[in-house]
Amino acid sequence: MTETTLITRIAARGDGVTADGRHVMGAVPGDHVRDDGIIVPGPNRAEPPCRHFGKCGGCQMQHVAEPALADYVRDRVIGGLAGQEVSADVVLPALLSPAHSRRRAALTALRTGKQVAIGFNAAQSNQIVDMRMCPLLLPELFALVAPVRELLTLIAPSRRPVKVKMQMLDQGVELVLEGVKAEGLDAAMALQDFAGANRLARFVIDQGDGYETLWQPDPPTVRFGGIAVEVPPFAFLQPTAVGQEALIEAVTRAIGDATAVADLFAGVGTFALSVQAGRKIYAAEGARDAVAALTGAANLARALVASEHRDLFRRPLVPAELNRFGAVILDPPRAGAEEQAKELAASDVRAIAYVSCNPASFARDAKILVAGGYRLDWVQPVGQFRWSTHVELAGRFSK
């Protein structure tokens with residue numbers, strides 16, 4: 001009789017793992033793996049909904065059933081904290097964004113002769129998987145793939161990759177093409193016709209000299225807390241509306257009734273504008289175009305939001321500045337906020353809402369905060385990048 005070994009968990013990169021640490025590609029918890037490597041399916045497997053799964057690098061775990069997928073997202077957060085010997089009082093169940101909900105995507109296109117391939121790269125490869133379906137993207141984004149493919153037969157240079165960035169805004173889809181060549185009146189008119197025919201909110205190209213906005217019938221906006229922000233091209237937004245609302249709810253719960261709040265790494269105002277009612281907000285952001293958008297929106301809405309262009313990696317807020325606030329919102333990029341965490345650890349701020357897109361850097365910074373006297377009250381795992389190994393979270397620290 002052939003011996004089998006149970007798969008007990010999924011590793012950070014998506015492989016199934018046995019109790020003795022053996023990694024098995026494509027296995028999920030509840031599967032058994034035979035000595036010859038054959039996987040015996042268990043109860044936590046799902047039928048992948050996409051024909052490109054296994055080739056396209058956009059998804060790694062379409063074969064994982066929903067409960068096991070949620071457990072994976074939660075376990076990634078728990079594992080990151082355990083690696084830094086940090087414990088949370090409560091780790092909440094993971095919140096997963098549904099299929100067909102991704103509102104922003106950066107694809108790659110390549111023209112070879114009269115043929116254009118457009119899609120995500122293959123796993124661990126520069127090869128493009130030509131997208132003919134996608135259960136990740138909003139239908140409005142996927143509907144643009146075929147028209148863009150046809151357009152690129154005219155303006156994409158041969159055998160040189162073109163970046164295709166799409167994002168859903170209040171007015172419709174924003175499209176950014178980087179690395180194209182559109183010279184002359186005929187090309188300009190063709191692009192205008194394309195934008196109008198596809199009802200784009202904004203159409204931007206980069207021919208090598210920076211962004212050129214070709215089409216923008218109305219100011220392209222995104223709303224936070226009812227306040228419209230005129231966002232710069234392909235401004236950073238949370239990847240799904242559902243995930244954004246989950247994070248805003250977590251941040252609101254974490255800061256409680258604090259009337260003076262600092263929002264650090266504020267971006268275009270996702271959190272600052274969403275929680276500003278009845279509070280005074282200070283928002284710091286290192287990207288000049290993002291902070292300009294936030295400032296303009298807050299001023300028009302007469303919101304009590306004071307914004308500052310500030311590089312928080314080089315010049316974090318120090319305790320004397322932090323102690324003016326009852327709560328701090330922290331939403332750094334993947335690298336985390338180590339220097340700012342050190343200053344926060346030495347401060348008297350009573351509550352910190354930390355939003356992260358990297359469980360490892362979150363755990364590292366959490367260790368600094370805990371060593372400074374904070375307690376990690378709870379963590380909310382969030383899976384906005386469905387079927388991928390990318391995990392986000394929000395946590396509350398108190399002192």
Side-chain angles (χ1 to χ4, degrees), residues 104 167 169 221-239 243-256 258-318 321-322 324-341 343-344 347 349 351-358 361-362 365 382 384 392-397:
R104 71 192 315 260
Q167 182 155 255
L169 305 178
T221 60
V222 177
R223 291 181 177 272
F224 305 113
I227 297 175
V229 183
E230 186 176 345
V231 292
F234 207 64
F236 174 79
L237 303 176
Q238 294 297 331
Q244 176 179 288
E245 289 307 308
L247 292 173
I248 290 172
E249 193 279 331
V251 165
T252 304
R253 183 157 41 100
I255 64 176
T259 55
V261 177
D263 183 6
L264 309 183
F265 305 95
V268 294
T270 302
F271 300 113
L273 297 177
S274 295
V275 304
Q276 53 78 35
R279 312 178 199 264
K280 293 182 179 179
I281 307 290
Y282 163 79
E285 168 57 43
R288 195 177 296 275
D289 57 352
V291 79
L294 167 56
T295 302
N299 289 344
L300 282 174
R302 303 191 178 213
L304 294 178
V305 178
S307 52
E308 180 183 10
H309 176 237
R310 181 164 178 165
D311 185 341
L312 294 168
F313 293 109
R314 297 184 179 182
R315 193 162 65 93
L317 269 69
V318 298
E321 297 171 294
L322 293 166
R324 303 172 187 173
F325 303 102
V328 167
I329 302 167
L330 200 60
D331 182 20
R334 286 188 63 79
E338 185 172 8
E339 295 306 314
Q340 187 61 78
E343 301 295 344
L344 276 164
S347 78
V349 175
I352 301 170
Y354 192 143
V355 177
S356 172
C357 58
N358 184 348
S361 60
F362 174 85
D365 294 347
V382 177
Q384 292 197 76
E392 297 180 306
L393 65 142
R396 183 183 194 269
F397 296 85

When Leu294 is tested against each of Val229, Asp289, Leu273 for side chain to side chain contact (heavy atoms under 4.5 Å, CB included), which residue passes?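 Result: among Val229, Asp289, Leu273, Leu273 is the only option passing the side chain to side chain contact (heavy atoms under 4.5 Å, CB included) with Leu294.
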Hey, could you give me the [atom1]/[atom2] distance between [X] and [Y], rounded to the nearest 0.5 Å?
{"X": "Glu392", "Y": "Arg334", "atom1": "CD", "atom2": "CZ", "answer": "9.0 Å"}
{"X": "Cys357", "Y": "Gln238", "atom1": "SG", "atom2": "CD", "answer": "8.5 Å"}
{"X": "Arg302", "Y": "Leu304", "atom1": "CZ", "atom2": "CG", "answer": "11.5 Å"}

My understanding is that only residues two or more places apart in sequence, or in another chain, count here; which of them pass side-chain contact (heavy atoms from CB on, under 4.5 Å) with [X]?
{"X": "Asn299", "answer": "Thr295"}
{"X": "Glu321", "answer": "Arg310, Leu317, Val318"}
{"X": "Ala292", "answer": "none"}
{"X": "Arg253", "answer": "Leu92, Glu249, Ala250, Trp378, Gln380"}

Any heavy-atom pair between the side chains of [Y] and [X] that's under 4.5 Å?
{"X": "Leu312", "Y": "Glu343", "answer": "no"}
{"X": "Ile281", "Y": "Phe271", "answer": "no"}
{"X": "Val355", "Y": "Phe265", "answer": "no"}
{"X": "Glu308", "Y": "Tyr282", "answer": "yes"}
{"X": "Arg396", "Y": "Ile352", "answer": "no"}
{"X": "Gln384", "Y": "Leu247", "answer": "yes"}

Heavy-atom pair of closest approach, residues [X] and [Y]:
{"X": "Gly267", "Y": "Glu285", "answer": "N-OE1, 2.7 Å"}
{"X": "Glu338", "Y": "Asp365", "answer": "CA-OD1, 3.4 Å"}
{"X": "Val305", "Y": "Ala298", "answer": "CB-CB, 3.8 Å"}
{"X": "Pro333", "Y": "Phe313", "answer": "CG-CZ, 3.6 Å"}
{"X": "Leu169", "Y": "Thr221", "answer": "CB-O, 3.6 Å"}
{"X": "Val275", "Y": "Arg279", "answer": "O-NE, 2.8 Å"}

Just say parallel, tilted or perpendicular for the rings of Phe397 and Tyr354, cut-offs at 30° and 60°.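 Taking Tyr354 first and then Phe397, their aromatic rings sit tilted (interplane angle of 30° to 60°).
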What pairs of residues pass the side chain to side chain donor-acceptor pair (under 3.5 Å) test when at least one of them lies in residues 263-276, not counting sequence neighbours?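 Sorted pair list comes back empty.
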Please tabulate, for side-chain N and O atoms in residues 230-237, each donor-acceptor pair with protein atoms closer than 3.5 Å (sequence neighbours left out).
none

